[in-house]
Structure formats: C-alpha cells, structure tokens
Amino acid sequence: MNTALASSSSVPTTGLSARDVSLHAGGRALLDGVSLSVRPGEVVGLLGPNGSGKSTLLRILARLAEPSSGSVTLDGDPIAGLDRRQTARTLGYLPQSARSEWPISARETVMLGRTPFLSPLARNSEADHAAVETALAVTDTTHLADRTVTTLSGGERMRVMLARVLAGSPSLLLLDEPVTGLDPRHQLEAMLLLDRLARDGRGTLVVLHDLTLAARFCHRVYVLHEGRVVAEGPPAEALDAATIAAAFEVEARRIGDGDDALIVPWSIRARNSGGSDAGCR
Ligand SMILES: Nc1ncnc2c1ncn2[C@@H]1O[C@H](COP(=O)(O)OP(=O)(O)OP(=O)(O)O)[C@@H](O)[C@H]1O
C-alpha cells in the first residue's frame, strides 16, 4: 500500500508544545496546568477517562479554543499569532466522532482536506487529486469514494474523515479517537499507518481508549485525570498498575512487557477505597 502522502505540500516542523495550559469553564477547571509536546517522528498517546479533558486539550492545540492561561507553540512560535492557512497546512485535526453533514461523495469530502492549499477560485490540481487518491487508498476507502458520505457506516465514515485529514498531508496530526468504532483490522491498519507516518518524519498526538494499542504503538503517552497530567513517558513506564487504577478506576491485567504488553481492564475498582488507593503520580 502506498503511504507516500503528498510530501511536497507538507510543512516541516519541529513540533507542537503546550506549556502550563489551563481552561476554566462552567465554574471549574477543565484543564489545569497541562504541559505536553509532540515532535516529528513520534506517535504520542493521549489517554484518560471520559471527561478528563482530552478533546478540550486537542481543540486548544488545534487552535479551535483559547486557553484561560498558558501557551501553545508551534516550532517555538505562539500559535495564536501564526497565519491560519499556514497553521492548517501544518496541523491536521480529526475531531471526535467526525462527521460530514453534506450529502456529497466520500471523494469530495476527502478533497475538502486540500482546502488550505487552494487559491481562491482555483481548480483542484493534479497534486490535489493525487493526494486524495493516496489518502483514500491508505484508509482503505477507495471503494467508498463515490458513495454519498452521509450513507456510510460509522466506521466507514471515520476512515473517510481520517482520509480527509491525511489528504492535507500535515506534518503533525491531532487525532481524537480515530480508531473508536473501527473493526479490529481497520484499527490495526490505522495504528500501523500512524507508525509509518512517524517513520516518514511526521508526528501524531492520538487520543486512545485502548491501553494495549497505546502500549504497542505509542512512543510516549500522557495520562489525563480531571484535567491534569498524572503520568507521562514511554507506555511501559507511564501505564503502570497504579496509574491505571487511579486514573481509570479499574484493575488491569498485564500480559507481557514493553510494547508487547497486553493491558486488559479486568475488574472495577471500588471508589473511595481509602488508604489502599494507589493515587495518581
Ligand atoms: N464548554 C464547556 N463548558 C463546561 N464544561 C465543559 C465544556 N466543554 C467540555 N466540558 C466538560 O469538560 C470536561 C472535559 O471534556 P472533554 O470532552 O475534553 O473530555 P474527554 O477527556 O475528551 O472525554 P471523552 O473520553 O468522554 O471523550 C467534561 O466534563 C465536559 O463535560
């Protein structure tokens, strides 16, 4: 499968960083002093229970929301001051449960990912069409290209929306649960694709709920809990039993070590278990 995603339009980057980012809304802190980075050549996992702030953080990193305090920098420059088109060429963002409401074809939907490269009133170029066909191929959606996107199944639609991000050939990808709803084969294909993109020098921050996929495919992970980073580092270190218990309130069974580890949530951990609580690091 060809994974050479339109490298000519990719904008080189040294990485994206959040420093001490907080966001207050609804009378509480949704994010509280979060610092994080993603660099070219790495797949970084963003993990945490429902409501811990993962999507909120991704929206801030994608410049779709403003933090109450703290900063986000791209290549060392504050993202708030950068040219929006240039930012869109560098950063690819896949929202959670991404969907298209327009009854257009999957191919036309993927072509929308080329928007940052279009001049006003210009027709799509050969490079645009080539990027779209490659993005369809690597997401195994070529056979769906002429279907109206609103008629696709949830997993098919997710792969098309991922193709739309890839069509822009971003240097850095911000992906909010890209494998949720995908069948096992397509989950693996998507994670293997991120791995190949990292080897090509691109970087990805990916929200995952599957601890085994995170352990296998992420170079580093951040674990969020109630808006704070409670663990970070290589999965073998950050996803230890104490962190999993404290952050997710489950006991997990671990089979194997390192990136071969299977981490399976196994039993519910009682809340308010007093002194036996492992606590978040
Ligand atoms: N505009 C808002 N006003 C008030 N609360 C908000 C707002 N946006 C999000 N929240 C709350 O902030 C918290 C974090 O939401 P967020 O969507 O970032 O969580 P998440 O970690 O992505 O969760 P999930 O795994 O369920 O997708 C949640 O409790 C959510 O209800």
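Note that the numbering runs from 1 along the sequence shown for the chain. When reading the values below, keep in mind they use all heavy atoms of this one structure, side chains included, and skip hydrogens, waters and symmetry mates. Every number for a ligand or one of its atoms is a count from 1 in the order of the listing.
Closest protein heavy atom to atom 25 (O) of ligand 1: K54 NZ, 2.8 Å. Looking only at heavy atoms of the protein, atom 4 (C) of ligand 1 is closest to A25 CB, 4.1 Å. When hydrogens are left out, the protein atom nearest atom 7 (C) of ligand 1 is L30 CD1, 3.7 Å; that is the closest non-hydrogen contact. Looking only at protein heavy atoms, the nearest one to atom 18 (O) of ligand 1 is T56 OG1, 2.6 Å. In terms of protein heavy-atom proximity, atom 14 (C) of ligand 1 is closest to G51 O, 3.3 Å. When hydrogens are left out, the protein atom nearest atom 27 (O) of ligand 1 is Q96 NE2, 3.0 Å; that is the closest non-hydrogen contact. Of the protein's non-hydrogen atoms, R28 NH2, 4.0 Å is the one closest to atom 30 (C) of ligand 1.
Ion pairing of R199 with D195 is present here, as a side-chain N (NZ or NE/NH1/NH2) and a carboxylate O approach within less than 4.0 Å. A salt bridge does not link R269 to E249: none of the charged side-chain nitrogens sits closer than 4.0 Å to a carboxylate oxygen.
With a heavy-atom cut-off of 4.0 Å, N50 touches ligand 1 through backbone and side chain alike.
Within the 3.5 Å criterion, the main-chain N or O of A106 finds no donor-acceptor partner in the side chain of R147. With hydrogens and angles disregarded, a donor-acceptor distance shorter than 3.5 Å links the side chain of K54 to the backbone of G48.
For atom 16 (P) of ligand 1, the protein comes within 4.0 Å by at least one heavy atom.
When each atom of ligand 1 is checked for a heavy atom of E177 under 4.0 Å away, the hits are 25 (O), 27 (O). Of all the atoms in ligand 1, the ones that sit under 4.0 Å from a non-hydrogen atom of H209 are 25 (O).
When E42, E237, E232 are each tested for a side-chain hydrogen bond (donor to acceptor under 3.5 Å, both in side chains) with R220, only one passes: E42.
Ligand 1 lies less than 4.0 angstrom from a heavy atom belonging to P49. The shortest heavy-atom distance from R59 to ligand 1 is not under 4.0 Å.
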- List the steps and the verdict of side chain to side chain donor-acceptor pair (under 3.5 Å) for R157 and S100. CA-CA 8 Å; R157 189 183 63 227; S100 172; over 6 Å; no

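For the residue pair H219 and A198, the shortest heavy atom distance occurs at CE1-CB, 4.2 Å. Minimum heavy-atom separation, A135 to V110: CB-CG1, 4.2 Å. Smallest separation of non-hydrogen atoms from R39 and L172: C-CD2, 4.4 Å.
Here's the thing with G53: one of its N/O atoms is less than 3.5 angstrom from an N/O atom of ligand 1.
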